[in-house]
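In the text below, chain A, chain B and the rest are named by the order of the sequence lines, each starting its count at 1.
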Amino acid sequence: MPDINALIERWRADDTHAAEAIYNLYRDSIYRLAYGLLGEPADAEEVTQDALAYALIHIKRYDPRRASFVTWLHTITLSRCRDKRRRRRLSSVPLFTWLESGDDRIDPSSAPEDLANRTDVRSEVWRAVQTLSSPLREAVLLRYWAGHTYREMASILGCPIPTAQSRVRLAYERLRTQLTPDDLAALEEEQAP
Amino acid sequence: MSEHPNHQQLIGYIHQTLNDDEREVMDRHLTTCQACRSQLADHDRLQHRIRYELMADLKAIQPPRTTTFDAIAPRLEQRRSLMLRQLAMRITVAVAAAAMLITLAVLANQFQPPATNAIGLALAANRAADFAALGTNPGADGWFLAGSAPQNYESGIDQAVMHDGKSSGYISSTVPSSEGFGTLMQMFKADDYRGKRLRLSAYVKAEHVDDWAGLWMRVDGPASEMAGFDNTQNKPIRGTVDWQPLAIVLDVPQNGAGIAFGVLLQGAGRIWIDNVRFEVVGQNVSTTGKQAEAPTPPMLQPINLGFEAGLKGWSPESTSQDYGIDTDPAVAHSGQAAGHIQSKGAKPLGAGALSQYVKADAYQGKPLRVIGYFKFDSVNATARFTVYAFSPQDTILRSDSQPISSTAVWQRHDIVLYVPENSDRIAYGVILEGAGQVWIDDVQVEAVGSRVLPASVDRTIEPQPANLDFEAGSTGWSAASSDPQEYVTGIDSTVAHLGQASGSIESLVPKPGGLGLLRQTVKAGEYRDKRVRVSGYLKADRLAGGASFLLTIFGQPDQMIYANSRSISGPTDWQRFEIVLNVPANSDRLEYGLAVRGEGQVWIDDVRIEFVGNGVESSSFETSPLQYGFFGASQPDNLDFESSTALQAWFNGGNPDYEVDVDHSVVHSGSASAHIQSKATVSAGSYEVLSQFMRADDYRGKRLRLSSYIKTDQVEGWAGMWMNIADSSNQLLGLDNMQNRPITGTTDWREYETVLDIPENGAMIGFGALLQGKGEIWWDDVQLEVVGADVPTTHPYQQQPLNLDFENSK
């Protein structure tokens, strides 16, 4: 792993190769986070590009004393995802109908991989995570996948630390009821000391 | 054995959210309890499984092949010498430049007085930013050093090098490499040159210039908008060269207000300038720069959107000869051709645009959706899809644009833009800036009904309050943010005080500099002369700045007659706010809603307007600093900072790089002064102000002198005082921010003044102190007085250009 701080310094000094190196370091993980939050490849790609472009353009705003670079990137990514989700929610129906009617807005060259992604990603956990509300899904991905501390999560989610903690606990409880066979879960509840 | 932990405690234990005491109790219990240990192991396994499967799932996911660095590389150009780009922006298509300026002006208009603080200043700063970040005075009469990075340059008189006479002016970099530019410049009144064609010429000599150097000139219109601009970047001076003649020719329009010009050095090196001359030339001399464009006659309705009929209905426009604009029969999204802009040469100047102008009649008062297909091929150019709404006077009422990324495949973009009722025509099209080519095809234009709040919405006036609970989406509400990248405004159907939805403003970036606004405007009609209570609920999450429930009342014509607010400054659950007042008889309309500044997300819901009896007390005016409460006082207040409420009546910008307070140990008189101090680190271009705003009523048609005492310590950027005057729609009518006489370094108490004429249409006067960059400033004994015509104004434009041969060193 190259020294990210050194890369940031070089990019701040206008070394484009450093920008590219930073981009390549984080592209996949940012895409995955966005995909996990949005569940849709085209949106995830757009968020990835926007978030990384934003971070690189505004690299001077990154303050290493406030957060790690990953935390900062995740903050931007999450904000973009929320934005995307909101727009999606607010978009009028005709646009969606239109999109689903087979328009070529999505780059056809990427279709096979997307397809593969869609079919591969079918673990029970994944499906359970997809049923969670957005705040809980955010909490699960940041905690279990990205391994953030509650403090980092609070900063990324823009909420107090106890809220981040309770979201993780709640998400875990929801996942547990889905991932544990019903009778067993019920039994456990009953026998809870 | 101690008592078994309950389920919640177990869950807390595995999630490490117990406090130390709870955890110790649990740890002790677990050492002895097999049952609990076994449960814990189950949870551990499940946690492990969630983590493992999530990781495996996501690891299998790869971004599409189009997710490449190259696809975003053009956007990163933005970062490269941002300030130079601002200057360069000015030479892009006039439409684009005008859009930028006018959008700001329009926004300023919407944000009434609170905005005078943030937006008004941002506006002033934006204008000033062209050359405002001032460094040291070069010691040559009339000239001052400015630029995007003046701290990297020094300037002065060189008596050893000259083209003519005994000396020349110079700029030299003081650092081995500089990202920005420095310019040695002047500003003067356009009076003598109105309606004439003006030629600026000079000789420039260079040593080790690693980027480029050249002349620039700008003509400002009456509202400080750009009326013409050019620089000599097409004949860049690089390396080491002996005296070169350079010239710029621009037309000064009849309403031209000022002319700014100078020599600039981008990057490291040293340049000299001498024999600067202004001369009026005939029409036989052609202009070199970009003038504001004459409007193109609009189509009655969109035509030829697939470019199958050539360029029929489309207007090719470019700021230089470096763009070829036509249809391309070889490339099409569908049909036989697409619109096409192609640059010529490796370094094309300015920009090329292909747009269609259409009468707005069919779209007035509705969101307009424009969809287009684009293909863009370039390494470092930028292409943008843009949509505008123009007023009958040809000003831009609304605009939006999207960058097009460089890919080999057609991309679809769509823009939703609210077309104000007073729009005369709309335009849509594509702009290319830099070396590359862009295609546009299969445009669709439609008026849409949508729940989406467009990024920026013009004020519409509702006959009566509507949709106050946001259950009908955005109906009746309009949004605006000073920078769409900073705030998103919309309807949130996940959060509500009552019902299913609320209005929401969320910041998208850390430390946004602007404001987000969501508001409704209704006719005052039935409320006139009645006692009314306007209330609403606000909720805030991670709010680092401030948010306000706002009420503003306007008379006719557009005169603000009442404004009040209730503000919060941190996260809060739903909280009710109310403002009670007697609606003045001369009211025309009421505006209420939510404003947000700084980072955070804020919701508004369940607004109510109701009549109340006279027994209900009228609300006092909010006077807390940092918020938007202080509107429309008719007289200045607390000018000596002696008020027992610290900084009463004053606002600061809330910039986290600075601390603003009252200082009792350093005073000019009395027992307190105002004090702005930078923190250990200050981001580039950062500044803080202390401001006060008042209605201009008592000062119209008069000359107003603002004086005060200022003391500074180690100011590395610049410090000063400012005063501005805006009309009732918050258009800036005049500004002096001492940019041509900045205070730097360490100075003891000294009196400074700024003198402006307050025009008859002046509505709001703002004034204050400012500090840019690192340092400290103390401010005391501010005084405002009407003065006679014998006191000269301190408008930054000089009467005449001065000392053009650099023979007069100060």
Flag the pair [X] / [Y] as yes when at least one side-chain heavy-atom distance between them is below 4.5 Å, and no otherwise.
X: A:Val125; Y: B:Tyr52; value: no
X: A:Tyr31; Y: B:Gln62; value: no
X: B:Phe69; Y: A:Leu52; value: no
X: B:Ile50; Y: A:Leu179; value: yes
X: B:Pro63; Y: A:Asp28; value: yes

Which bit of B:Gln8 is near chain A, if near means a heavy-atom gap under 4.5 Å: side chain, backbone, both or neither?
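Side chain only.
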Where does B:Ser405 contact chain A at under 4.5 Å (heavy atoms): side chain, backbone, both or neither?
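For B:Ser405, no heavy atom lies under 4.5 Å from chain A.
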Establish, yes or no, whether a centroid distance under 6.0 Å links the rings of A:Tyr150 and B:His15.
no
When rounded to the nearest 0.5 angstrom, what distance separates [atom1] in [X] from [atom2] in [Y]?
X: A:Asp50; Y: B:Ile72; atom1: CG; atom2: CD1; result: 9.5 Å
X: B:Ile11; Y: A:Glu173; atom1: CD1; atom2: CD; result: 4.0 Å
X: B:Asp541; Y: A:Thr163; atom1: CG; atom2: OG1; result: 7.5 Å
X: A:Glu46; Y: B:Thr66; atom1: CD; atom2: OG1; result: 11.0 Å
X: A:Trp126; Y: B:Leu58; atom1: CH2; atom2: CG; result: 4.5 Å
X: B:Gln601; Y: A:Cys159; atom1: CD; atom2: SG; result: 11.5 Å

Give the C-alpha distance, both sets of side-chain angles, the deciding distance and a yes or no for side-chain contact (heavy atoms from CB on, under 4.5 Å) between A:Gln165 and B:Gln16.
CA-CA 9 Å; A:Gln165 292 175 340; B:Gln16 297 153 22; over 6 Å; no
Sub-3.5 Å donor-acceptor pair from the side chain of A:Arg32 to the main-chain atoms of B:Lys59, do we have one?
yes
Closest heavy-atom pair and its distance - B:Pro64, A:Glu45
CG-OE1, 3.7 Å
Might you point out which heavy atoms bring A:Arg169 and B:Thr17 nearest each other, and give the distance in Å?
NH1-OG1, 2.7 Å
Is it true that the side chains of A:Arg27 and B:Thr67 contain a donor and an acceptor less than 3.5 Å apart?
no
Checking heavy atoms, do the side chain of A:Ile161, its backbone, both or neither come under 4.5 Å from chain B?
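Contact with chain B: none, neither part.
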Interface residues of residues 141-148 of chain A facing chain B - non-hydrogen atoms under 4.5 Å apart
A:Leu141, A:Arg143, A:Tyr144, A:Trp145
Please list, chain by chain and in numerical order, all residues satisfying salt bridge (Lys or Arg N to Asp or Glu O under 4.0 Å) with B:Arg49, sequence neighbours excluded.
A:Glu124, B:Glu53
Which one of B:Leu46, B:Leu543, B:Thr681 has the most heavy-atom pairs closer than 4.5 Å to chain A?
B:Leu46
More than 12 heavy atoms from other groups under 6.0 Å of CZ on B:Arg37:
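For B:Arg37, atom CZ is crowded (more than 12 foreign heavy atoms under 6.0 Å).
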